[in-house]
Amino acid sequence: MKSLINTLDFSVKEQDELLALANRMAASPKDYNELLKGRIMASLFFEPSTRTRLSFESAMLRLGGRVIGFSDGSLSSTAKGESLSDTIRMVSHYADCIVIRHSKEGAAQVAQTHASVPVINAGDGGREHPTQTLTDLMTILKVKNRLDNLTVGCVGDLKFGRTVHSLVKNIGRYPGVRFLFVSPGELRIPAFLRTYLDELRIPYEESSHMEAALGLMDVLYMTRVQRERFFNEEEYIRLKDMFILNSQKLENAGKELAILHPLPRVNEIAYDVDDDPRAVYFDQAGYGVFARMALLAWLLDGKELG
Ligand code: CP
């Protein structure tokens with residue numbers, strides 16, 4: 001039984017096929033509107049979400065399926081003390097797949113252990129967010145027409161940023177990809193990611209100067225400093241506005257730069273950037289529907305791939 005818990009659960013070949021399917025779905029969504037008729041997706045969100053939850057639900061509905069679930073774990077029997085493993089055992093009887101977001105790192109893996117249906121990790125704490133990566137890769141492919149030979153700049157909270165962790169591990173598998181990491185020293189990429197990159201000899205540089213790095217990037221992946229991951233409010237306030245992208249700073253960047261952000265943004269991208277043709281973060285959020293349609297089709301109707 002297939003699931004998606006970690007961003008490397010797909011081979012590059014499988015992923016390329018999945019992204020091709022996502023593009024076919026985006027080009028002609030009506031062709032797929034009965035593919036998952038009669039199937040049910042359970043959407044279990046123990047942590048807040050706008051894009052991931054609603055794009056998954058939209059994806060399942062667009063494939064002809066139906067959705068059950070909750071958007072607030074405190075309204076489930078978790079509030080009465082039910083364990084995650086018991087919740088998952090129950091929901092496995094009610095749905096054909098489970099999409100789970102949880103604040104605890106490793107929660108999706110625990111869910112998979114106890115599920116009898118496919119499980120999709122929609123973000124587990126500060127660890128991974130593999131379906132955001134599918135969305136990111138689909139966006140980069142649309143804009144750059146390739147996933148190889150790119151200089152990818154990641155800016156902001158690289159320590160707790162699960163979207164960065166998944167994207168870096170994943171796109172780092174494509175030849176010729178290098179990374180420029182820009183963050184405050186306190187929010188550097190974690191040791192596990194440095195070890196991963198070092199072992200695979202994937203080149204990267206770290207700095208705390210965004211403006212100087214902008215001109216070197218093909219892709220700029222901005223991220224939010226995540227208040228919810230900090231134990232210390234003072235530390236969050238000190239770090240939150242260290243990197244703010246605005247139109248003036250973009251004068252240093254290449255004309256072909258693609259600016260991505262998993263969203264939500266707070267202050268890190270000024271609103272005057274939104275009209276810049278290089279800003280693709282709202283399109284990126286839209287591609288999330290098709291990336292997730294392809295994933296659901298792959299998990300629940302595997303013959304659609306290839
Ligand atoms: N990108 C993302 O995960 O957004 P949400 O938290 O709104 O789902």
Side-chain angles (χ1 to χ4, degrees), residues 4-7 19 22 41-62 67 69-74 97-108 111 119-143 152 154-171 187 219-230 236 240 245 258-269 273-274 279-296:
L4 177 59
I5 307 300
N6 304 299
T7 196
L19 293 171
M41 181 188 90
S43 167
L44 310 186
F45 277 68
F46 294 90
E47 221 190 27
S49 169
T50 296
R51 277 146 292 275
T52 310
R53 185 173 69 82
L54 294 180
S55 63
F56 258 118
E57 295 188 6
S58 174
M60 190 61 177
L61 295 173
R62 284 170 194 266
V67 179
F70 49 78
S71 57
D72 181 348
S74 70
C97 70
I98 295 172
V99 177
I100 179 169
R101 169 171 289 189
H102 204 287
S103 59
K104 290 219 168 78
E105 302 189 1
V119 173
I120 300 171
N121 180 5
D124 60 333
R127 201 183 71 89
E128 282 229 23
H129 194 346
T131 70
Q132 179 64 48
T133 299
L134 294 176
T135 302
D136 301 339
L137 297 179
M138 185 175 176
T139 307
I140 295 169
L141 259 182
K142 285 262 183 206
V143 179
V152 180
C154 300
V155 176
D157 176 359
L158 311 185
K159 179 181 178 184
F160 299 117
R162 59 193 177 196
T163 62
V164 170
H165 303 163
S166 291
L167 177 64
V168 168
K169 282 164 78 174
N170 196 317
I171 199 170
L187 299 178
V219 174
L220 166 57
Y221 197 81
M222 287 296 295
T223 64
R224 172 176 68 97
V225 175
Q226 301 173 84
R227 180 180 224 142
E228 65 272 30
R229 310 270 176 240
F230 278 78
Y236 165 72
K240 72 185 176 70
L245 186 70
I259 306 168
L260 280 73
H261 190 312
L263 304 177
R265 75 166 147 193
V266 184
N267 286 333
E268 61 280 1
I269 300 184
V273 176
D274 295 356
V280 295
Y281 31 88
F282 290 116
D283 292 337
Q284 179 187 356
Y287 295 139
V289 173
F290 302 107
R292 291 175 174 115
M293 282 173 72
L295 175 63
L296 289 167

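We number each residue from 1, following the sequence as shown. Since the model is a prediction, treat every value here as computed from it, not as a measurement. As the structure lists them, so they are numbered: ligands from 1, and atoms in each ligand from 1.
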Heavy-atom pair with the smallest gap, counting every atom of Ala108 and Ile5: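 Of all heavy-atom pairs spanning Ala108 and Ile5, the closest is O-CD1, 3.6 Å.
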Contact with ligand 1 for His129, non-hydrogen, under 4.0 angstrom: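 Checking ligand 1 against His129, which is what was asked, there is a heavy-atom contact under 4.0 Å.
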From Phe45 atom CZ to Leu54 atom CG, the distance as rounded to the nearest 0.5 Å: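 If we round to the nearest 0.5 Å, Phe45:CZ and Leu54:CG are 8.5 Å apart.
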Ala285, Pro262, Pro48, Ser49: member with heavy atom nearest to atom 8 (O) of ligand 1: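 Shortest heavy-atom distance from atom 8 (O) of ligand 1: Ser49.
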Have [X] and [Y] got a donor and an acceptor in their side chains that come within less than 3.5 Å?
{"X": "Arg224", "Y": "His261", "value": "no"}
{"X": "Thr133", "Y": "Asn170", "value": "no"}
{"X": "Glu47", "Y": "Ser103", "value": "no"}

Per-atom contacts, ligand 1 versus Leu263 - under 4.0 Å to a heavy atom: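 Atoms satisfying the 4.0 Å criterion: 1 (N), 2 (C), 4 (O).
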Gln132 N/O to ligand 1 N/O under 3.5 Å: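 Yes; at least one N/O pair falls below 3.5 Å.
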Pi-cation contact, Phe56 with Arg292 (under 6.0 Å, within 45°):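 Yes, Arg292 and Phe56 form such a contact.
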Which residue holds the protein heavy atom closest to [atom], what is that atom called, and what is the gap in Å?
{"atom": "atom 6 (O) of ligand 1", "result": "Arg101 NH1, 2.9 Å"}
{"atom": "atom 4 (O) of ligand 1", "result": "Arg51 NE, 3.1 Å"}
{"atom": "atom 7 (O) of ligand 1", "result": "Thr50 N, 2.8 Å"}

Structural part of Thr163 in contact with ligand 1, heavy atom criterion under 4.0 angstrom: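 Neither part.
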